4 protein chains.
Amino acid sequence: MSDASKSSSAARRPVVQWGGSDRRQQEEQMRASVLHGVGDIRMEDRADPVAGVGQVLVRVESVGVCGSDVHYYEQGRIGSHIVERPMVLGHEAAGVVASTGSGVTRVRVGDRVSIEPGVPDFTCAECLAGRYNLCPAMSFYATPPIDGALAELVLTHESFAHPVPDSMDLDSAALLEPVSVAVWACRKASVSPGDHVLVTGAGPIGLIVTQVARAFGASEVTVTDVNPDRLSVAARLGATRVIDSRSTDGTPFPVEPTVLVECSGHPSAVTSGLRALARAGRAVLVGMGGDEAALPVSRIQERELTVTGTFRYANTWPTAIALVASGQVDLAPLVTGHFGLADAEAALTASRSVAGALKSIIRPQV
Amino acid sequence: MSDASKSSSAARRPVVQWGGSDRRQQEEQMRASVLHGVGDIRMEDRADPVAGVGQVLVRVESVGVCGSDVHYYEQGRIGSHIVERPMVLGHEAAGVVASTGSGVTRVRVGDRVSIEPGVPDFTCAECLAGRYNLCPAMSFYATPPIDGALAELVLTHESFAHPVPDSMDLDSAALLEPVSVAVWACRKASVSPGDHVLVTGAGPIGLIVTQVARAFGASEVTVTDVNPDRLSVAARLGATRVIDSRSTDGTPFPVEPTVLVECSGHPSAVTSGLRALARAGRAVLVGMGGDEAALPVSRIQERELTVTGTFRYANTWPTAIALVASGQVDLAPLVTGHFGLADAEAALTASRSVAGALKSIIRPQV
Amino acid sequence: MSDASKSSSAARRPVVQWGGSDRRQQEEQMRASVLHGVGDIRMEDRADPVAGVGQVLVRVESVGVCGSDVHYYEQGRIGSHIVERPMVLGHEAAGVVASTGSGVTRVRVGDRVSIEPGVPDFTCAECLAGRYNLCPAMSFYATPPIDGALAELVLTHESFAHPVPDSMDLDSAALLEPVSVAVWACRKASVSPGDHVLVTGAGPIGLIVTQVARAFGASEVTVTDVNPDRLSVAARLGATRVIDSRSTDGTPFPVEPTVLVECSGHPSAVTSGLRALARAGRAVLVGMGGDEAALPVSRIQERELTVTGTFRYANTWPTAIALVASGQVDLAPLVTGHFGLADAEAALTASRSVAGALKSIIRPQV
Amino acid sequence: MSDASKSSSAARRPVVQWGGSDRRQQEEQMRASVLHGVGDIRMEDRADPVAGVGQVLVRVESVGVCGSDVHYYEQGRIGSHIVERPMVLGHEAAGVVASTGSGVTRVRVGDRVSIEPGVPDFTCAECLAGRYNLCPAMSFYATPPIDGALAELVLTHESFAHPVPDSMDLDSAALLEPVSVAVWACRKASVSPGDHVLVTGAGPIGLIVTQVARAFGASEVTVTDVNPDRLSVAARLGATRVIDSRSTDGTPFPVEPTVLVECSGHPSAVTSGLRALARAGRAVLVGMGGDEAALPVSRIQERELTVTGTFRYANTWPTAIALVASGQVDLAPLVTGHFGLADAEAALTASRSVAGALKSIIRPQV
């Protein structure tokens with residue numbers, strides 16, 4: 001991957017004309033890509049945000065497009081989360097610290113950072129228990145009514161702007177967000193050597209889970225999908241077996257999986273995955289499906305399976321950074337397109353319109 | 001509870017007198033209650049079992065009737081377990097050790113014991129991992145084709161004949177089996193002080209779970225059922241709140257439960273119970289329902305609920321003994337009828353025919 | 001226990017009358033008990049603290065005297081924590097909310113609260129992981145240089161002022177701090193039914209651990225101490241066996257403990273306690289002793305014992321409140337003396353000068 | 001590594017002369033290397049063992065020499081384990097199944113197997129809880145008075161003869177025993193991505209732990225030793241940092257380790273390792289040292305470190321097989337010498353007499 005993001009940032013914005021006649025009162029403006037309704041994305045100028053106490057302002061260099069961004073763009077909602085006012089999309093973001101608010105000690109101007117997109121209230125019972133992802137007062141990028149990162153500048157809390165090594169390009173830094181999803185799933189499933197992990201769904205999340213599961217030591221990773229191209233990518237990224245789920249539904253696995261990480265959101269994948277699990281197997285539901293699904297309850301009982309779901313992640317960034325920095329997880333093969341901020345719409349539709357598209361990256365400074 | 005079982009045992013069996021002159025070669029015979037078909041229970045004579053290596057022969061004094069016994073009696077099957085040959089029912093049993101096979105060192109003739117009804121193969125991967133309840137080669141009383149305990153004598157492995165204190169009556173010793181179910185559920189749910197446990201279903205299992213959850217330190221135990229009488233019993237046995245689920249369905253709880261122990265097997269109880277749980281709540285499905293049920297998958301994800309089921313139990317007897325011996329769990333209120341072996345059919349139908357019936361006890365020596 | 005604290009609070013402070021005519025500009029003054037040096041406690045007037053953002057000001061009604069307070073009073077230091085400037089002692093405190101700072105939503109003026117005495121920075125890696133007790137930037141009452149609660153008013157964060165039920169007296173509310181120590185220890189040890197807990201040391205912490213261990217379901221609790229009076233109290237509070245450690249050192253227990261909660265700080269208790277544990281036993285070191293101690297490493301290995309220590313507590317208050325409110329833990333027997341703020345010195349020396357003294361309570365409004 | 005073991009086995013023993021004159025009554029004899037006293041190893045003929053119920057007879061092809069073998073050879077004892085009768089050494093063994101006893105179903109004659117050297121009683125409380133390594137009735141090779149594997153044939157239970165893939169040479173199969181030690185340690189420490197593991201001691205166990213910790217996903221592995229040559233091997237096998245503990249004692253690590261796996265048995269390594277750990281760090285003591293050691297108790301408390309030890313292992317073989325079969329763990333670099341059975345003494349003294357010696361392999365069929 002070329003890393004234009006590193007070099008493009010220095011000259012990105014014109015020097016502010018402080019000496020002019022009537023510019024003193026003029027607030028600085030940044031560009032942002034704003035969703036106004038279903039299928040209606042507009043480029044707008046907005047006032048530059050200013051870092052408050054404990055906050056940092058980040059010049060955004062790279063934003064990955066997630067399925068949820070596409071969903072909001074196409075449907076205007078995800079479940080009970082409804083876009084009722086114009087909203088900026090994007091929550092997989094990285095950039096460079098442009099300024100820091102008072103009290104900030106953990107990052108400095110110029111630091112290259114990956115942004116963890118949800119900031120909790122820090123002081124509720126969930127936060128104090130270490131489950132800040134379940135904080136009822138969470139502010140999460142691009143979840144209504146909170147604006148996301150498809151803008152030249154974004155604010156976050158200093159503890160959620162994670163410095164990355166110089167060796168890591170900022171596209172990879174942006175994609176630490178889906179890596180975190182995968183780390184969280186593998187932690188929930190306690191993946192370790194000796195495990196056989198079944199990953200259902202070979203989209204971007206499934207492909208990253210495949211790699212992360214291997215990094216957690218999984219002895220076998222089986223990936224299922226209906227798309228042979230994606231299965232090929234899975235095989236290249238470390239899957240020890242790939243299965244076209246259209247042709248083999250119902251066929252038992254040679255070795256029973258001990259872990260299911262469901263990444264497709266399809267009810268049939270959940271059910272057949274659970275039925276495939278070994279005794280005392282663990283299932284983590286990552287893919288978003290409908291509100292309810294018919295699960296094989298008697299199987300859960302007879303085999304004492306454990307089923308849980310993930311809601312974002314907590315305390316994953318240091319691990320995600322280590323996995324990518326060490327090369328255990330390689331994100332380059334997932335990036336199938338780069339777009340400027342003005343081309344956000346093309347980026348959002350690429351997953352449907354472009355064959356083989358996996359992950360689009362938008363560069364807000366371009 | 002009077003404890004006729006203790007005194008009745010000495011003289012329990014008539015000298016065998018089949019009529020002939022020299023009966024020395026005659027094998028001894030015991031009585032057993034045998035299920036021959038749906039609704040067809042017959043008293044039969046069978047050869048006395050003989051303890052093999054590591055086995056003990058127990059003179060059965062008390063057997064609790066479980067819902068699964070009733071199910072086999074009424075339907076001839078439970079799921080894929082089908083009664084295809086005559087089978088002895090009963091798996092909640094206690095008695096006195098009558099003889100021991102070679103190599104037995106852990107129990108002695110005359111020991112009063114509670115019988116753990118499932119003996120695994122001890123050496124498979126599940127057993128070696130401490131999950132002997134999931135042993136694929138398990139022999140479990142009254143699960144086809146294995147005979148149960150509705151007989152004068154039964155065999156078990158010495159490690160599964162658990163001596164009980166002199167202070168414990170043998171009816172309670174028999175009911176350590178459902179206590180074990182409850183202990184296992186509370187362990188799976190990691191119940192401890194601070195927890196609010198929701199118990200759905202106030203049958204025998206739910207009523208024991210209520211007590212066991214309190215013994216694990218649960219700060220609140222809410223019990224739901226459609227039967228006001230059973231709810232009254234629940235309140236007497238330690239429930240801090242009881243709810244008639246017909247009248248309050250959908251009403252949120254004042255304090256969200258942190259734990260669900262589902263004891264009814266009704267799909268609606270599973271679903272509404274899961275929806276009631278606090279963030280990071282833990283659900284354990286104990287009640288047997290259908291093969292599949294529609295579960296609120298998105299709720300499991302958004303709140304990161306953990307759902308598992310129980311299949312019998314492992315390593316629970318010492319704890320169950322301690323709970324009952326100390327009085328933390330009181331089983332007497334559950335026993336609503338005693339029957340002799342010849343009245344097994346009456347015992348099996350009592351749960352339907354007798355108002356307020358909870359748990360019938362059969363005494364095979366009577 | 002009489003609860004003078006409830007009625008005394010309304011009229012607690014005289015109108016400030018410094019003598020002059022117009023006192024409007026006069027900052028209000030509160031009384032505080034200040035440690036100036038070893039054995040040097042002085043009553044002083046200090047400016048009333050003012051609640052900042054997220055803070056609450058609490059009118060202190062009850063403060064328990066802890067061994068660490070005595071230690072600072074007698075030695076001027078605890079390990080590397082050295083009192084280098086005048087400092088207010090006291091960290092077991094309860095009172096009534098007098099005012100709230102901006103943004104406070106969780107408590108209201110007039111709420112009766114138990115104060116959790118250590119406020120972390122909320123945003124470091126330890127805090128975000130749910131281990132806020134290990135926060136390197138913790139501000140903890142009466143740990144140099146942070147002032148404690150032996151004053152008429154103290155500040156805390158709203159999330160650390162825990163409302164208590166009306167039924168709970170404020171002496172008990174103050175003592176939720178040592179209850180939290182015990183809850184934390186029992187959580188670390190995963191105490192549950194079936195466990196035999198060995199508590200070494202029957203001081204206030206040991207006596208509370210005894211009760212909390214029972215509340216967690218421990219089937220047996222054995223308490224050891226060299227003081228027969230304290231052992232008597234232990235027996236009354238739920239210990240199933242008490243042992244005078246002077247007379248029985250080296251004698252094995254009839255049943256091996258599965259858990260050790262060491263509350264004495266004596267190296268010999270640590271060592272003999274560890275040697276007594278059953279295989280796979282768990283030890284939690286609560287009592288503060290020297291920097292190093294000779295531990296039986298080969299025993300830790302051969303029996304795969306797990307040894308850990310506690311440093312304060314995290315997320316324990318709701319559970320502590322529930323345990324005391326329900327009566328599972330009774331704190332009244334521990335309170336052996338009440339003192340006014342001016343008598344702080346007598347309270348600090350009572351543990352040495354008064355036979356049978358366990359816990360002194362200081363009432364800053366008296 | 002050449003794999004003479006595969007080809008050498010077929011012709012190892014002369015055809016039994018059944019047809020001869022006086023051989024009928026002659027019991028078959030095998031060779032064994034027997035320890036008769038300190039420094040006194042003798043080759044002897046012993047009667048071939050015969051597989052009983054559930055047992056398999058294994059033709060031993062490869063045996064690794066462990067430090068404990070050397071210890072028995074040099075001292076005649078390890079702690080309370082004293083060699084009081086002639087005993088066969090060796091517990092890291094692999095070979096080919098020569099015959100099977102009745103009831104054996106899990107392995108077949110001709111299977112190439114790695115032998116797990118300790119067989120428990122399967123039915124005690126520890127075994128049933130999944131902690132069979134803590135079984136009080138364990139029979140473990142080369143632990144007095146049980147004979148080990150330095151013989152042409154050995155018996156084991158079928159569940160402890162683990163078939164290995166054809167691709168795995170039998171020297172590696174023998175060394176699955178120390179791999180199991182390392183797997184057990186990493187499981188006890190819950191090593192996973194994000195962890196920084198400190199391994200103290202770069203002998204064979206430390207070098208295998210280094211690799212296994214990487215396989216469990218450890219982001220950093222720091223190895224310390226006093227031997228620069230061993231540190232070089234550690235660096236080649238995956239350590240991210242190696243430290244000569246003579247020169248840097250007391251220097252803090254750039255990043256605090258989250259896990260300590262102590263493999264040297266030196267008290268100073270235990271203490272300095274514990275002091276180096278991050279808050280909430282986990283320590284596993286693998287190296288055998290003296291009976292007691294001075295541990296930094298206050299550090300264990302202030303940082304809430306968890307300290308445990310390992311005693312052999314349980315349920316590790318399938319994982320160890322997977323790690324070696326996949327190449328995640330490479331054992332060839334550890335093997336520094338091969339010896340025939342008659343040269344057992346040379347093998348036992350190689351670790352002291354041969355520069356750079358790590359692991360000697362004895363081939364009983366040679």
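These figures come from a predicted structure and were not determined experimentally. Lettering of chains follows the sequences in order, A, B, ..., and the numbering in each one begins at 1.
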Quiz prompt | All salt bridge (charged side-chain N to carboxylate O under 4.0 Å, His left out) counterparts of Arg131(C), not counting sequence neighbours | solution = Glu126(C)
Self-check item: Shortest non-hydrogen separation from Glu292(C) to Ala294(D) and the atoms involved
Solution: OE1-CB, 3.6 Å
Quiz item: What pair of heavy atoms forms the shortest contact from Gly290(D) to Ser298(C), and how long is it?
Solution: O-CB, 3.9 Å
Quiz prompt | Shortest non-hydrogen contact from Phe311(D) toward Gln301(C) | solution = CB-O, 3.2 Å
Quiz item: Which one of Val270(D), Asn133(D), Thr271(D) has the most heavy-atom pairs closer than 4.5 Å to chain C?
Solution: Asn133(D)
Quiz prompt | Leading residue by heavy atom contact count with chain D [cutoff under 4.5 Å; candidates Lys188(C), Glu302(C), Met288(C), Arg299(C)] | solution = Glu302(C)
Practice problem: Output the residues of residues 274-287 of chain D for which the shortest heavy-atom distance to chain C is under 4.5 Å, in residue-number order; output 'none' if no such residue exists. | Solution: Arg275(D), Arg279(D), Ala280(D), Leu285(D), Val286(D), Gly287(D)
Quiz item: Counting heavy-atom pairs under 4.5 Å to chain C, which of Ala129(D), Gly79(D), Pro136(D) comes out on top?
Solution: Pro136(D)
Self-check item: Counterpart residues, side-chain contact (heavy atoms from CB on, under 4.5 Å), relative to Ala293(D) (two or more places apart)
Solution: Val297(C), Pro267(D), Leu295(D)
Quiz item: Just wondering, do Thr306(D) and Thr306(C) contact through their side chains at under 4.5 Å, heavy atoms?
Solution: yes
Practice problem: Specify the closest pair of heavy atoms between Glu304(D) and Leu134(C), including all atoms of both residues, with the distance to one decimal. | Solution: CG-CD2, 4.0 Å
Below 3.5 Å, can you tabulate the donor-acceptor pairs from side chains in residues 196-206 of chain D to any protein atom, sequence neighbours excluded?
residue, atom, partner, partner atom, Å
His196(D), ND1, Val255(D), O, 3.0
His196(D), NE2, Thr222(D), OG1, 2.7
Thr200(D), OG1, Glu262(D), OE2, 3.0

Self-check item: Interchain contact, Leu305(D) with chain C, by part (heavy-atom threshold 4.5 Å)
Solution: backbone
Quiz item: Which heavy-atom pair separates Gly309(C) from Ile300(D) by the least distance, and what is that distance?
Solution: N-CG2, 3.7 Å
